[in-house]
Each structure stands twice: as structure tokens, then as C-alpha cells.
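See below for the structure under consideration.
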Amino acid sequence: MYVLCTIIYEPIRWNQHFGWRLMCEGEKLVTFYFWRQVGEATRDLFISWFPKWMEKP
């Protein structure tokens, strides 16, 4: 979770300090939603490795 959060928020912070223009709210939201989907897909892939008997009912 920490790594995923840094992937989402650090580019936005870096852009605020060093970018030639600020990101608009839409760009920030798109970045968040993209990496959220990546995180969910990674979680689902990780969970799929466990045997079925270990799943929650």
C-alpha cells in the first residue's frame, strides 16, 4: 500500500514543486483512478495464487 501511495502522490507533489505547469484536478483524478485499478488488479492476481480452501466464505 505504501509503494502504491507513493506512485500515486509523489509525481503530483514533484509537479507542484518542479513542473513547468501545475496539474489540473482532472489530471490528478485520472492518475489516482489509473493506479487504483492497477492496485486492485495486483491484489486480485495475488489472491488468485492462494488455494480455494483458504478463501473467506
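Taking both residues in full, the closest heavy atoms of Arg13 and His17 are given as O-CD2, 3.0 Å, listed atom of the first, atom of the second, then distance.
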All N/O donor-acceptor pairs, side-chain side in residues 28-46, below 3.5 Å, sequence neighbours left out:
unit_1, atom_1, unit_2, atom_2, d
Thr31, OG1, Glu27, O, 2.9
Thr42, OG1, Val38, O, 2.8

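Taken together through direct or relayed side-chain contacts under 4.5 Å among Ile, Leu, Val, Met, Phe, Trp and Tyr, Leu22 and Ile12 form parts of separate hydrophobic clusters.
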